[in-house]
**Q** 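Sharing a structure, written as structure tokens. Questions coming.
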Amino acid sequence: MPENIKITLPDNSVREFASGSTGMDVAMSISQGLARNALAIEVNGETWELNRPITTDASVAILTWRDQKGKEAMWHSSAHILAEALEDLYPGIKLGFGPPIKNGFYYDIDFGDHKFGEADFKKVEKKFLELAKTAETFERKDVSKEEAIAHYKNIGNEYKVELIEGLEDGDITFYHSGNFVDLCKGGHIPNSKVIKAMKIMNTAGAYWRGDEKNKMLTRIYAVSFPKKKELDEYLLLLEEAKKRDHRKIGKELELFTFSEKVGMGLPLWLPRGTRLRETLVDFLKKVQEKEGYQQVVTPHIGKKELYQTSGHWEKYGEDSFQPIKTPSEGEEFLLKPMNCPHHCEIYASRPRSYKELPFRVAEFGTVYRYEQSGELHGLTRVRGFTQDDAHIFCRPDQVKEEFIKVIDIVLYIFKVLKFENYKAQISLRDPENPGKYFGSPEQWDAAEKAIEEAADERGLITVKELGEAAFYGPKLDFMVSDALGREWQLGTIQLDYQLPDRFELEFVGSDNQKHRPVMIHRAPFGSLERFTAVLIEHSAGEFPLWLAPSQAIILPIAEKFNDYVVDLQDQFRDAGFRVDVDLRNEKVGKKIREAEIGKYPYMLIIGEQEMANGSVSVRKRKEGDLGAMSNDAFIQYLKDEISEMLA
RNA sequence: GGCUUUGUAGUUUAAUCGGCAGAACGACUGACUUGUAAUCAGUUGGUGAGGGUUCAAAUCCCUCCGGAGCCUCCA
């Protein structure tokens, strides 16, 4: 007599089922429609096939194409079919990993001597769809470790053997679909025929198990969909996203450029980009002044000994730009890869009293880091960049309060710029690799706890990532995605008990004894380069009025108004606005078109009338003609709009 | 750094099998003197660099220098 099991649904209602009931049974009991659309079932957080018997009480959720996990079930199954197609077309290949990802799936393959490239895509896609159409089901089968290893030794796949060796006996399952067998822990759709469209997106080299020392396999990235139309829509979406690429817009709007002669990863900020950047700098400086920061300036190089003291030389010396030498004395200097050691020496320049802490030193500090050539990426990953850096030296009892104040600055910036989808990440040490870090476990515990408390206090929803800490301390990082969904770390707040030690920093306490300060490293933008890149992708180059490199452009309708228009430009400049003029001998329609493409927030059309009454005909970006207003009224209009944005 | 892929004028791009590098926009010159998303005409300018194969190379091969995607890395 089978016992009944209690199944908890997502709305927290509980239903009883006979033990051994399946996901399909659960779906059917809810509705026919749901059963028809069901792809898989989530059982206690794991994705299961709909035909897998459930024998214990469980919390479940039926997964459809509308759930990310439902998509992943389909993509996971698609990875199997892709592998089957590949084995069919290229006998003798060896399979590695083949998981679903955020947007599709991939399979890592050792193709032996065959060079798998774009020429192969069509053939594989065709085979894939043929196989999918045959309505393959995914059958789960328990295998012993011994059997599993024997199977893969037999077909000569050392990768899977290696994977299985790391698994527990009794915990190993194979999935059969059609003529294909794969080591797999499951999470499949019931039937391959629901997959109606598949496209191979690209290939890439990927080290086996992500280790640089291992062999490089060919990773095939692909997506699949239940409808052909959805694939088309997805491809369209990707194309739209590519239009927001900061590298494209940066070129179009003449914000920045790179030069092969100057060197890769070394951005050159053009005049318009520089205006944007300096506006950001001024904005943050104002915020920081209010918060009690003091600006400093330090040189771009420092003696090698400085970095030996800080520990950076030991950690990164080999993989950084190598020291430059003085010609006569042979002294060695490093291009500064960070500003903290310089700021430590500013702190140490005279004795400090507890009364002057927190001491907050800020610098828009340009640093140079050797990044592997393959890592460089537009403005988001470069070899020379400017951090909106500051270091807060404070008493241990001030840490939490100071940390929270920095969080508030980051959140204010995100609010003003409408970065709503950021992720707050607490970056902790890697417990399996303690040798990577300086300092005692006790200090690390304290630091990690302080960050968690500060984040809690501000109600931040955080994710914790092990192994992402800096070598000197844990961090709170703010991640924002670019147009294509790649996450970039922008703001960072880091807690550090190590550098004050290494630089022997001190303050005199109220007890007249010497104490060691704590250091907070923080950069709300992260770097101006990366921040600008993400800002461009978020705004598609349509910067808010206060930030726009040029806030308005004046368009005379004929050359005879040019002199007047230049005077008018001066008037607006005197009022504090960045205003361009278009004095070309072109029709106003063309000037408007190009100003729209140039993403000017406002266009001011000037002709006989406007010159006569001291007015401007205002046209707003993307909205069109706003009608005429007096010059003064327009200035006030701009001021009002800006103060509303920064409120 | 690695794998794959890619490099045509300032920009976007065309060139069937290896067979005269062609256009648009821009820039320059001139005409027109303009009222809310492209006025007309002319001129200018190019195969990333170097080597090889070939009667002939943008096209095939090699080296180097860039770009893109991913892997690794990221103080």
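Chain identifiers are assigned alphabetically (A, B, ...) following the order of the sequence lines, protein sequences preceding nucleic acid strands; residue numbering begins at 1 within each chain. The analysis underlying the following values was restricted to heavy atoms, covering all of them including side chains, and did not include hydrogens, waters or symmetry mates.
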**Q** Of all the choices, B:U33, B:G35, B:U36, which nucleotide is nearest to the side chain of A:Gln609 once you look at every atom?
**A**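 When the side chain of A:Gln609 is considered, B:G35 is the closest of B:U33, B:G35, B:U36.
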
**Q** Is A:Arg584 close enough to B:C28 that one of its side-chain N or O atoms is under 4.0 Å from OP1 or OP2 there?
**A** no

**Q** Decide, applying a 5.5 Å centre-distance limit and a 30° plane-angle limit (both strict), whether A:Tyr472 stacks on B:A75.
**A**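 A:Tyr472 ring does not meet the centre or angle cut-off for B:A75; no stack.
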
**Q** Just name whichever nucleotide pairs with B:U5, Watson-Crick or G-U, keeping both distances under 3.5 Å, else none.
**A**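 WC or wobble partner is B:G67.
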
**Q** Below 30° counts as parallel, above 60° as perpendicular, anything between as tilted: where do the rings of A:His312 and A:Tyr472 land?
**A** perpendicular

**Q** For B:U53 versus B:A68, give the span between their C1' atoms, rounded off to a whole number of Å.
**A**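 The answer is 30 Å between these two C1' atoms.
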
**Q** State which of B:U5, B:A37, B:G26 makes the closest approach to the side chain of A:Lys590.
**A**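 The answer is B:G26.
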
**Q** What integer number of Å spans the C1' atoms of B:C73 and B:C3?
**A**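 Straight-line distance between the two C1' atoms is 16 Å.
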
**Q** For atom C1', what is the distance between B:U13 and B:U47, given to the nearest Å?
**A** 13 Å

**Q** Are the ring centres of A:Phe111 and A:Phe116 closer than 6.0 Å?
**A**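 When the ring centroids of A:Phe111 and A:Phe116 are compared, they turn out to be within the sub-6.0 Å range.
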
**Q** Can you confirm whether A:Trp444 sits close enough to A:Pro474 that some side-chain heavy atom of one is under 4.5 Å from a side-chain heavy atom of the other?
**A**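 They are in side-chain contact.
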
**Q** If the test is side-chain contact (heavy atoms from CB on, under 4.5 Å), which one of A:Asp563, A:Ile554, A:Val566 qualifies with A:Leu583?
**A** A:Val566

**Q** For A:Arg502 and A:Thr309, which heavy atoms make the closest approach, and how far apart are they?
**A** NE-O, 2.7 Å

**Q** Quantified in whole Å, what is the C1' atom distance between nucleotide B:A27 and nucleotide B:G45?
**A**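 Going atom to atom, C1' in each nucleotide, I get 9 Å.
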
**Q** By nearest atom, which of the nucleotides B:G66, B:A75, B:C3 is closest to the A:Met216 side chain?
**A**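 Within the option list, the nearest is B:C3.
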
**Q** What distance, rounded to whole Å, do you find between the two C1' atoms, one in B:U11 and one in B:C64?
**A** 26 Å

**Q** Closest-nucleotide mapping onto RNA chain B: is A:Glu608 or A:Gln489 further toward the 5' terminus? I mean the 5' end.
**A**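 On the 5' side of the pair lies A:Glu608.
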
**Q** Any idea how A:His391 and A:His343 line up, ring-wise: parallel (<30°), tilted (30 to 60°), or perpendicular (>60°)?
**A** perpendicular

**Q** Could you identify the nucleotide paired to B:C60, looking across every strand shown and requiring Watson-Crick or G-U wobble geometry with both distances under 3.5 Å?
**A**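 With both distances under 3.5 Å, B:C60 matches B:G52.
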
**Q** Side-chain N or O of A:Ser373 versus OP1/OP2 of B:G1: is the shortest distance under 4.0 Å?
**A** yes

**Q** Choosing from B:A75, B:U11, B:A68, which nucleotide comes nearest the side chain of A:Arg247?
**A** B:A68

**Q** Would you kindly give the CG-to-C1' distance between A:Asn214 and B:C70, to the nearest whole Å?
**A** 17 Å

**Q** Given B:G1, B:C70, B:G67, identify the nucleotide with an atom nearest to the side chain of A:Arg219.
**A** B:C70

**Q** Would you check if the distance from the ring center of A:Phe572 to the ring center of A:Phe634 is below 6.0 Å?
**A**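 For A:Phe572 and A:Phe634, the ring centres are under 6.0 Å apart.
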
**Q** For A:Tyr221, answer base if it contacts any base atom (sugar-phosphate contacts may also be present), sugar-phosphate if it contacts only those atoms, and nothing otherwise; contact means non-hydrogen atoms under 4.0 Å.
**A**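 Contact class for A:Tyr221: sugar-phosphate only.
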
**Q** Assign A:Lys315 to base, sugar-phosphate, or nothing according to its heavy-atom contacts below 4.0 angstrom with the strands shown.
**A** nothing

**Q** Just the rounded figure in Å: distance from C1' of B:G67 to NE2 of A:His246.
**A** 13 Å

**Q** Just the rounded figure in Å: distance from P of B:C70 to CG of A:Leu238.
**A**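 Roughly 11 Å, once rounded to whole Å.
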
**Q** Any idea which of B:G1, B:G67, B:U36 is nearest the A:Ser617 side chain?
**A**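 My answer, after comparing the listed nucleotides, is B:U36.
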
**Q** If pairing requires Watson-Crick or G-U wobble contacts with both distances under 3.5 Å, which nucleotide is the partner of B:A31?
**A**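 When the pairing criteria are applied, B:U39 turns out to be the nucleotide that pairs with B:A31.
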
**Q** So A:Glu252, base contact, sugar-phosphate only, or nothing? Heavy-atom distance under 4.0 Å.
**A** nothing

**Q** If I take atom CG in residue A:Asn103 and atom C1' in nucleotide B:C70, what distance separates them, rounded to the nearest angstrom?
**A** 14 Å

**Q** Look at the side-chain N and O atoms of A:His377 and state whether any lies under 4.0 Å from the OP1 or OP2 oxygen of B:G69.
**A** yes

**Q** For the side chain of A:Glu260, counting heavy atoms from C-beta on, which of B:U39, B:C65, B:C73 is nearest?
**A**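 Nearest nucleotide to the side chain: B:C65.
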
**Q** Applying a 4.0 Å non-hydrogen cut-off, can you work out what A:Asp625 is touching in the nucleic acid: base, sugar-phosphate, or nothing?
**A**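 Base, at least one base atom sits under 4.0 Å.
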
**Q** Using a cut-off of 4.0 Å on non-hydrogen atoms, how would the nucleic acid contact of A:Gly589 be classed: base, sugar-phosphate, or nothing?
**A**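 Sugar-phosphate, backbone atoms only, no base.
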
**Q** Expressed as a whole number of Å, how far does the C1' atom of B:U59 sit from that of B:G7?
**A** 13 Å

**Q** Considering only side-chain heavy atoms of A:Tyr207, which listed nucleotide, B:G1, B:G35, B:U12, is closest?
**A** B:G1

**Q** Any strand is fair game: report the nucleotide pairing with B:A15 by Watson-Crick or G-U wobble, both distances under 3.5 Å, or none.
**A** none

**Q** Taking the chi torsion of B:C60, is it syn (within 90° of 0) or anti (everything else)?
**A**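 Anti conformation for B:C60.
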
**Q** Hey, what do you get for CD (A:Glu596) to NZ (A:Lys591), rounding to the nearest 0.5 Å?
**A**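 The CD atom of A:Glu596 sits 15.5 Å away from the NZ atom of A:Lys591.
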
**Q** Which nucleotide, in any strand shown, forms a Watson-Crick or G-U wobble pair with B:G46, with both distances under 3.5 Å?
**A**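 WC or wobble partner does not exist here.
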
**Q** For B:C73, does OP1 or OP2 lie under 4.0 Å from any side-chain N or O of A:Arg381?
**A** no

**Q** Using OP1 and OP2 only, check whether a side-chain N or O of A:Lys261 sits under 4.0 Å from B:A49.
**A**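 Result: no.
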
**Q** Using a 4.0 Å heavy-atom cut-off across all strands, classify A:Gly607 as base, sugar-phosphate, or nothing.
**A**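 Result for A:Gly607 = base.
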
**Q** How many whole angstroms separate atom NE2 of A:His342 from atom P of B:A75?
**A** 19 Å

**Q** Heavy atoms under 4.0 Å, any strand shown: does A:Glu623 hit a base, just sugar-phosphate, or nothing?
**A**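 No contact.
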
**Q** Report yes if a side-chain nitrogen or oxygen of A:Arg486 is closer than 4.0 Å to either non-bridging phosphate oxygen (OP1 or OP2) of B:C70; otherwise report no.
**A**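 A:Arg486 to B:C70 OP1/OP2: side-chain N or O found under 4.0 Å.
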
**Q** Under 4.0 Å between any heavy atoms, over every strand shown, what does A:Lys115 touch: base, sugar-phosphate, or nothing? Just pick one.
**A** sugar-phosphate

**Q** Taking N and O atoms by type only, does the side chain of A:Glu371 place a donor or acceptor under 3.5 Å from a partner on the base of B:G1?
**A**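 Under the 3.5 Å cut-off, the side chain and the base do not form any donor-acceptor pair.
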
**Q** Return the nearest nucleotide to the side chain of A:Tyr316; candidates are B:C73, B:A75, B:A38.
**A**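 Looking only at side-chain atoms, A:Tyr316 lies closest to B:A75.
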
**Q** What is the distance, rounded to the nearest whole Å, between atom CD of A:Glu596 and atom P of B:A37?
**A** 8 Å

**Q** Could you state the CZ-P distance from A:Phe258 to B:G66, rounded to the nearest angstrom?
**A** 13 Å

**Q** Using side-chain heavy atoms (C-beta onward) and a distance below 4.5 Å, is A:Thr218 in contact with A:Asp108?
**A** no

**Q** Can you list the residues that meet the ring pair (Phe, Tyr, Trp, His ring centres under 6.0 Å) rule with A:Phe403, with sequence neighbours excluded?
**A**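 In terms of ring pair (Phe, Tyr, Trp, His ring centres under 6.0 Å), with neighbours along the sequence ignored, A:Phe403 is linked to no residue.
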
**Q** Closest to the A:Gln494 side chain: B:A75, B:U33, B:U36?
**A** B:A75

**Q** A:Met264 CE to B:C64 C1': how many Å, rounded?
**A** 12 Å

